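Remarks on the structure that follows.
No experiment lies behind these values; they were computed from the predicted model shown.
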Amino acid sequence: MNKNIAFITGITGQDGSYLAEFLLSKGYEVHGLIRRSSTFNTSRIDHIYQDPHAPNPKLFLHYGDLIDGVGLTNLIREIEPTEVYNLGAQSHVQVSFSMPQYTGQVDAVGAVGLLEAIRSAGVNTRFYQASTSELFGATPPPQNEKSNFHPQSPYAAAKLMAYWCTVNYREGYGMHATNGILFNHESPRRGETFVTRKITRAVASIAAGSKETLFLGNLDAVRDWGYAKEYVESMWLMLQQPQATDYVVATGVGATVRDFVEASFSRVGLDWKNHVEVDKRYMRPTEVDALIGDPSKIQNELSWKAKTHWKELAELMVDADVTDRS
């Protein structure tokens, strides 16, 4: 019997949880990689968790780690997925300056290990690599699939290795391997240390009277922010194509961190200038001034287009955090 079986690394993260929901809604059998922890770290997927003892479960979780190549190979052979989505990573840019070697091991070597696990297991599957707009770094916007890469962090450099290895396995071994170069994408499930969620959580706390000041870094940085829940569909669409290639996924609209801050505070009727201070400790050693994607290729070839832009995104994230506090 032919059936769609997906294997997702990073299933407990923002993108992984939305992708798991999306694939389950399409009737997929979904397998996710989770790291062993003494505390539960599955809050984003608890609502779709299925007891493996229940009749005909569709969601399965497996302990493992991207730096364990043997474990990955064994899982690929056991699951025999038709689609593999590599979303697992140390994905915080600022943290990558503090943990460059670990970031390289997980984000670069881990991706190669997964590609090699697929190749050596001989499983006929399609592979999606979560690439990032940080690859472009110092390259001026708008950035598209033909723009030069100029990474400005250990995170971006590690992701660049993963990007080129994905291309190499596609060209060298004939694998259906695709890079999705996703620009910043956020949601109420975004990690609390990422700037957008840090902002919206602080807004909710300040509005509730339990916090006074939000400390931020570079307010002039320009980013192309989209809605993660929409972006996971683009990942799936890429793997449905007969030929693998690489795509930029973005809204095509840029805004500064200051713009996002102002929209977030305005949502609760506050003036951001009364509550925000700049702390140089949050500045990166090498700043990325502006990332604005050109999504023409994915719009033209896959008919995918972002529906939610940065201001709407800021408002829905603030609403979610305000609701969580009430």
Side-chain angles (χ1 to χ4, degrees), residues 13-15 91-97 132-134 136-138 140-143 152-153 155-156 182-231 249-293 306-326:
Q14 170 189 252
D15 292 6
S91 59
H92 198 287
V93 175
Q94 185 72 37
V95 170
S96 77
F97 286 101
T132 169
S133 58
E134 291 285 335
F136 299 114
Q143 296 102 352
Q152 295 284 285
S153 67
Y155 166 72
L182 271 62
F183 280 63
N184 294 65
H185 46 291
E186 321 294 322
S187 75
R189 296 183 192 176
R190 188 56 144 155
E192 296 172 1
T193 59
F194 289 85
V195 66
T196 51
R197 187 74 195 292
K198 180 180 178 180
I199 291 166
T200 61
R201 287 186 76 245
V203 167
S205 296
I206 291 168
S210 62
K211 185 181 175 79
E212 286 296 325
T213 306
L214 168 63
F215 295 96
L216 294 172
N218 182 9
L219 297 179
D220 296 317
V222 175
R223 294 294 183 268
D224 182 332
W225 282 297
Y227 188 18
K229 189 174 183 179
E230 296 173 2
Y231 278 34
V249 181
T251 69
V253 179
T256 64
V257 173
R258 184 181 286 101
D259 291 331
F260 197 96
V261 168
E262 183 176 7
S264 298
F265 276 93
S266 295
R267 187 64 170 176
V268 295
L270 295 174
D271 185 345
W272 71 274
K273 295 176 184 176
N274 298 327
H275 301 283
V276 176
E277 292 185 19
V278 172
D279 187 336
K280 291 184 178 179
R281 287 178 295 182
Y282 296 119
M283 300 290 190
R284 300 178 186 177
T286 44
E287 286 287 342
V288 174
D289 295 329
L291 297 173
I292 304 173
K307 302 179 181 69
T308 306
H309 290 185
W310 68 269
K311 190 173 186 294
E312 301 164 276
L313 181 63
E315 292 173 350
L316 74 84
M317 289 176 65
V318 168
D319 291 348
D321 279 323
V322 168
T323 300
D324 283 347
R325 290 193 62 86
S326 62

Point-to-point distance, once rounded to the nearest 0.5 Å, from CG of L316 to CZ of R267: 8.5 Å
Spacing of L219 atom CG and E262 atom CD [to the nearest 0.5 Å]: 11.5 Å
Residues N184, S133; criterion side chain to side chain contact (heavy atoms under 4.5 Å, CB included); working and verdict: CA-CA 7 Å; N184 294 65; S133 58; 3.7 Å; yes
Heavy-atom donor-acceptor pair, H275 side chain to T213 backbone, under 3.5 Å: no
Heavy atoms from other residues, nucleotides or ligands near NZ of K198 exceed 12 (cutoff 6.0 Å): yes
Gap separating the OG atom of S266 from the CG atom of D271, nearest 0.5 angstrom: 7.5 Å
Option from Y231, W310, F194 for which ring pair (Phe, Tyr, Trp, His ring centres under 6.0 Å) with H185 holds: Y231
Cationic N near anionic O, under 4.0 Å, E287 to K280: no
4.5 Å side-chain heavy-atom contact, V222 and D289: no
Under 3.5 Å: donor-acceptor pair, side chain of T256, backbone of D220: no
Non-hydrogen atoms of A138 and Q152 that approach each other most closely: N-CG, 3.7 Å
Any donor-acceptor N/O pair, T200 side chain to V318 backbone, under 3.5 Å: no
Student check: side-chain heavy atoms of E134 and L291 closer than 4.5 Å: yes
Salt-bridge criterion met for D279 and R281 (N-O under 4.0 Å): yes
Contact summary for A263 and A314, nearest pair of heavy atoms: CB-CB, 4.3 Å
Heavy-atom side-chain proximity of L216 to V278 below 4.5 angstrom: no
Heavy-atom donor-acceptor pair, R197 side chain to P188 backbone, under 3.5 Å: yes
Heavy-atom check, side chain of N218 versus side chain of V257, under 4.5 Å: no
Side chain to side chain contact (heavy atoms under 4.5 Å, CB included) evaluation trace for T286 with F97: CA-CA 10 Å; T286 44; F97 286 101; 3.6 Å; yes
Spacing of CG belonging to D321 relative to CZ belonging to R190, to within rounding of 0.5 Å: 13.5 Å
Value rounded to 0.5 Å, distance of CG in D224 from OG1 in T251: 3.5 Å
Flag side-chain contact, heavy atom, 4.5 Å: W272 against L214: no
Non-hydrogen side-chain atoms of M317 and T196 separated by less than 4.5 Å: yes
R189/D15 ion pair, N-O < 4.0 Å: no
Minimum heavy-atom distance S187-Q14, with the two atoms named: OG-OE1, 2.8 Å
Donor-acceptor contact below 3.5 Å, side chain E186 vs main chain L313: no
Within-4.5 Å side-chain heavy-atom neighbours: F136 and F183: yes
Lys/Arg N to Asp/Glu carboxylate O, K311 vs E315, below 4.0 Å: yes
Working for side chain to side chain contact (heavy atoms under 4.5 Å, CB included), residues Y155 and V95: CA-CA 9 Å; Y155 166 72; V95 170; over 6 Å; no
CZ on R325 to OG on S205, rounded to 0.5 Å: 4.0 Å
Side-chain heavy-atom pair V253, W225 within 4.5 angstrom cut-off: no
